[in-house]
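A short worksheet on the structure shown next.
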Amino acid sequence: MGITEGDRRMEGWLYLIRSNRLGLQYSRKRYFVLEDNALNCYKAVPASRREDPIRSALIDSCIRVTDNGRASIHRSVFYIFTLYSSANHNDRLKLGARSSEEAASWIRSLMEAALKECPNKEENFVACSKRRRQSFRLSRTKARSLMHSIGLRLFKESNEGDFHGKQWDDHPAIMAVGVVDATSEAIFRTVMSLGPSRSEWDFSLLEGRVVEHLDGHTDIIHKKLRGDWLPWGMKKRDLLLRRYWRREDDGTYVILYHSVFHQNCRPERGYIRACLKSGGYVISPVNQGKRSVVKHMLAIDWKFWRSYMFTSSAKYVTIRMLGRVAGLREFFRAKLGNCTCSDYSSGELTREIGLPYGEKEHIKVEVQTTGENNKSVDSAEAPQQSPSRHADTNGSFLQLNDAADEFFDVIDESDNDQTESLWPSDEGMHSQLLQEQRQPRLSTAAVFVKKLHDFAVQKKGYIDLQEASMGDMAPCSYGATLPKDTSCTMPCSWAMADSTSFLIRGESYLRDHQKIKANSTLMQMVAADWLNSDKREDDLGGRPGGIVQKYAAQGGSEFFFIVNIQVPGSTTYSLALYYMMDTPLENVPLLESFVKGDNAYRNSRFKLIPYISKGSWIVKQSVGKKACLVGQALEIHYFRGSNYLELGIDVGSSTVARGVVSLVLGYLNNLVIELAFLIQGNTQEELPEFLLGTCRLNHLDASKSVSIDPW
């Protein structure tokens, strides 16, 4: 153990203290290095500062250290101390030292590191408050790369399970990340091609063809895998996939796959059809579009006989297939003659990708390659470094800062450290600000919404219909078919989403194009309907006995804004969200212009911000996080009443949207969906923008939708 005064670096051997399933404690010896406020863990003494740790943690202002004294574990004496988060005392990391002096030195150094990040007590309180709003928790993460030799990093999707307690450990989603010296468009064209040239980079494919072209963004494809590529003794495999793609405004391409059944492509004799649960590519441009970061994810059931006996083999085959990212990189490097972009062909790339969430989403990606000097490159979309990024990025651990994407490094199965938890790194206050807007807030949403509601009642004068007494009014049919649950624990329910999760145009947007966090909503969400019918159900607000008409009969000043999302098919589903305010319409000029304007004006202004806060990777990528003008992509039917305006959004009017929604419906009861609605501000007088309302839909279930009779 030693401390270097120049950079406040402390290092030495410690013991991880954990408990097995029987509650018995055991220890694992590890070498720890505390440098500034980064705590890194190694299995052996690192040969240099460039060596990657197997674990990493950020010691920030919310971390506390407790001295637990002396304990004997398997006849070995340890002096124990515990690190935990002040936001959640159940999340903790227990360490042991061989002597009391050694333990005291580590405790002192860890406390100094925590204070160093935020020395001011008032700032410390603010930082911790923000962490509580993020539902801070410890995350299992293991910074072990299994593909150093081909320059990729692998991540495994977190296995939090679905709402019903089902886990996906049997076929985990694994993602590979690599950097390719080509434009995102060139990579997209290469990945989409199923011709002979594909064998130059995809060594797993024997042949591929398009079975059916569904629309400009969707088709059905069939792939046969090479028998000599598969492990010895494994029978031939093929895949029948539905492929969907889209391009984002920043040049990012998203390609998604999942297995389907098709009459014209039945299983062939001699082949076993594997099942791709979810997978795809996200190809994002960096370095002014000259290079791209490629993320490739797969979750495959290889249909092994007694698959529970072959989990290691299945993961091995999946990881080999993810090696296609390295194949892409070498393919384009060969086309370039290995001369262009040579300055950036190796080392560590730490970048902030401008993915669509509003206009910006920060993801930190580190890609390790071999054979050349380490370099650091920042993308053109984000030229400024995060304030708390480590000055020396060599040896720093990799984290995808998109909390919704919950991918962690793949674990070597020989490592038995299954229960170890460490804190993920933070990208500083700027990244933390954006991270707050994406993280699910299961534990604090109810409290926060209640405070926001109380504030809004005083400032804006609206009330919650389901909490306020309405005399002797009986329950209505329209506006009461989907229950409200502010605790976010009841399946198939709704609540208001945290408005700070969404970015809107700020007052200076026309000059700097910067978006800010929303801090409140103009209206209160008061009711919701989850309906099914054999036809499209329009003008719910005008139907007798509904919540809107009952208020109209009382002659009050309340105004309703209704968003009716209609999903057509053999059964048409309608999700109707009711928002209300009791301030006069003329007091909100932009809303008044929208309500009284023509359909062309409305279509050019009505904006939706979607967000899948909990769900599978493929659904998150399908839905995206970008604000969109709904009327420019989908057909909207407007219905104006004396005290309401209803927007009937026909999802079936767009083949792209219909494909995305059909995918979402398949995962619906495992999703938590957050939505925000607003009217786009185009002039200085209309800025800053404001949210009309938000909604959080908790694990909707199509089977629980209410059937309605034609009226």
Side-chain angles (χ1 to χ4, degrees), residues 166 168 170-174 191-199 201-245 255-281 296-311 313-318 320-322 324 568-571 616-619 621-622 652 655-656 658-668 670 702:
K166 182 178 179 180
W168 297 94
D170 48 348
H171 311 293
I174 303 176
V191 171
M192 292 290 286
S193 173
L194 296 175
S197 63
R198 189 180 181 98
S199 62
W201 63 273
D202 186 355
F203 305 115
S204 66
L205 184 69
L206 177 63
E207 62 180 68
R209 66 184 179 95
V210 176
V211 177
E212 182 181 357
H213 182 77
L214 301 180
D215 56 60
H217 289 263
T218 314
D219 52 22
I220 305 296
I221 62 173
H222 181 228
K223 293 182 176 183
K224 292 182 178 179
L225 304 183
R226 295 173 58 93
D228 56 358
W229 176 84
L230 295 168
W232 181 86
M234 184 176 175
K235 292 184 179 180
K236 295 180 181 179
R237 296 297 197 273
D238 68 344
L239 291 160
L240 182 63
L241 307 172
R242 185 176 187 270
R243 179 175 65 178
Y244 160 81
W245 72 273
I255 308 172
L256 302 173
Y257 306 91
H258 69 277
S259 286
V260 293
F261 173 83
H262 197 279
Q263 290 276 17
N264 298 334
C265 188
R266 296 181 179 274
E268 297 182 20
R269 186 174 182 180
Y271 281 87
I272 297 175
R273 183 152 294 177
C275 177
L276 179 63
K277 292 186 173 182
S278 65
Y281 296 84
H296 183 22
M297 194 280 287
L298 293 172
I300 303 182
D301 179 2
W302 289 103
K303 298 298 181 181
F304 281 102
W305 179 69
R306 294 186 179 179
S307 59
Y308 61 88
M309 298 177 63
F310 297 94
T311 54
S313 299
K315 190 167 80 171
Y316 167 75
V317 180
T318 301
R320 283 196 66 193
M321 182 168 279
L322 290 171
R324 292 184 292 191
S570 56
T571 299
S616 70
W617 182 87
I618 189 172
V619 177
Q621 296 298 330
S622 298
T655 55
V656 175
R658 189 166 59 244
V660 171
V661 171
S662 65
L663 174 65
V664 171
L665 286 174
Y667 292 85
L668 195 59
N670 289 326

**Message:** Once side chain to side chain contact (heavy atoms under 4.5 Å, CB included) is applied, do any residues pair with Ser193, and if so which ones, sequence neighbours excluded?
**Reply:**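 Partners of Ser193 under the side chain to side chain contact (heavy atoms under 4.5 Å, CB included) test: Ser197.
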
Looking at [atom1] of [X] and [atom2] of [Y], how far apart are the two atoms once the value is rounded to the nearest 0.5 Å?
{"X": "Arg226", "Y": "Ser204", "atom1": "CZ", "atom2": "OG", "value": "9.0 Å"}
{"X": "Lys315", "Y": "Ile174", "atom1": "NZ", "atom2": "CD1", "value": "6.0 Å"}
{"X": "Arg237", "Y": "Cys275", "atom1": "CZ", "atom2": "SG", "value": "12.5 Å"}
{"X": "Ser259", "Y": "Leu241", "atom1": "OG", "atom2": "CG", "value": "5.0 Å"}
{"X": "Asp219", "Y": "Arg242", "atom1": "CG", "atom2": "CZ", "value": "9.5 Å"}
{"X": "Trp201", "Y": "Arg324", "atom1": "CH2", "atom2": "CZ", "value": "6.0 Å"}

**Request:** Might you work through the side chain to side chain contact (heavy atoms under 4.5 Å, CB included) test for Leu206 and Leu225, ending with a clear yes or no?
**Result:** CA-CA 5 Å; Leu206 177 63; Leu225 304 183; over 6 Å; no

**Item:** Listed partners of Glu212 passing salt bridge (charged side-chain N to carboxylate O under 4.0 Å, His left out), at least two apart
**Value:**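 If we apply the salt bridge (charged side-chain N to carboxylate O under 4.0 Å, His left out) test to Glu212, skipping adjacent residues, there are no hits.
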
**Message:** Run His258 and Tyr244 through side chain to side chain contact (heavy atoms under 4.5 Å, CB included) and show every step you take.
**Reply:** CA-CA 9 Å; His258 69 277; Tyr244 160 81; over 6 Å; no

With a 4.5 Å cut-off on side-chain heavy atoms, are [Y] and [X] touching?
{"X": "Cys265", "Y": "His222", "answer": "yes"}
{"X": "Val317", "Y": "Pro231", "answer": "yes"}
{"X": "Trp302", "Y": "Met234", "answer": "yes"}
{"X": "Trp229", "Y": "Met321", "answer": "yes"}
{"X": "Leu240", "Y": "His262", "answer": "yes"}
{"X": "Val211", "Y": "Ile221", "answer": "no"}

**Asked** Closest approach of Met297 and Ala173, non-hydrogen atoms and distance?
**Response**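 Looking at all heavy atoms of both residues, the closest pair is SD-CB, 3.5 Å.
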
**Item:** Minimal non-hydrogen separation, Leu298 against Thr318, with atom names
**Value:**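 That closest heavy-atom pairing would be CB-CG2, 4.0 Å.
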
**Prompt:** Just by distance, do the side chain of Arg243 and the backbone of Met192 share a donor-acceptor pair under 3.5 Å?
**Reply:** yes

**Item:** Side-chain donor/acceptor of Arg198 to backbone N/O of Gly208, under 3.5 Å
**Value:** no

**Prompt:** Below 4.0 angstrom, N of the basic side chain to O of the carboxylate: do Lys224 and Glu268 qualify?
**Reply:** yes

**Asked** Taking the six-membered ring of Tyr257 as reference, does the NZ or CZ atom of Lys223 fall below 6.0 Å from its centre and within a 45° cone about the axis?
**Response**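 Yes, Lys223 and Tyr257 form such a contact.
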
**Request:** Tell me yes or no: between the side chains of Thr218 and Trp245, is some donor less than 3.5 Å from an acceptor?
**Result:** no

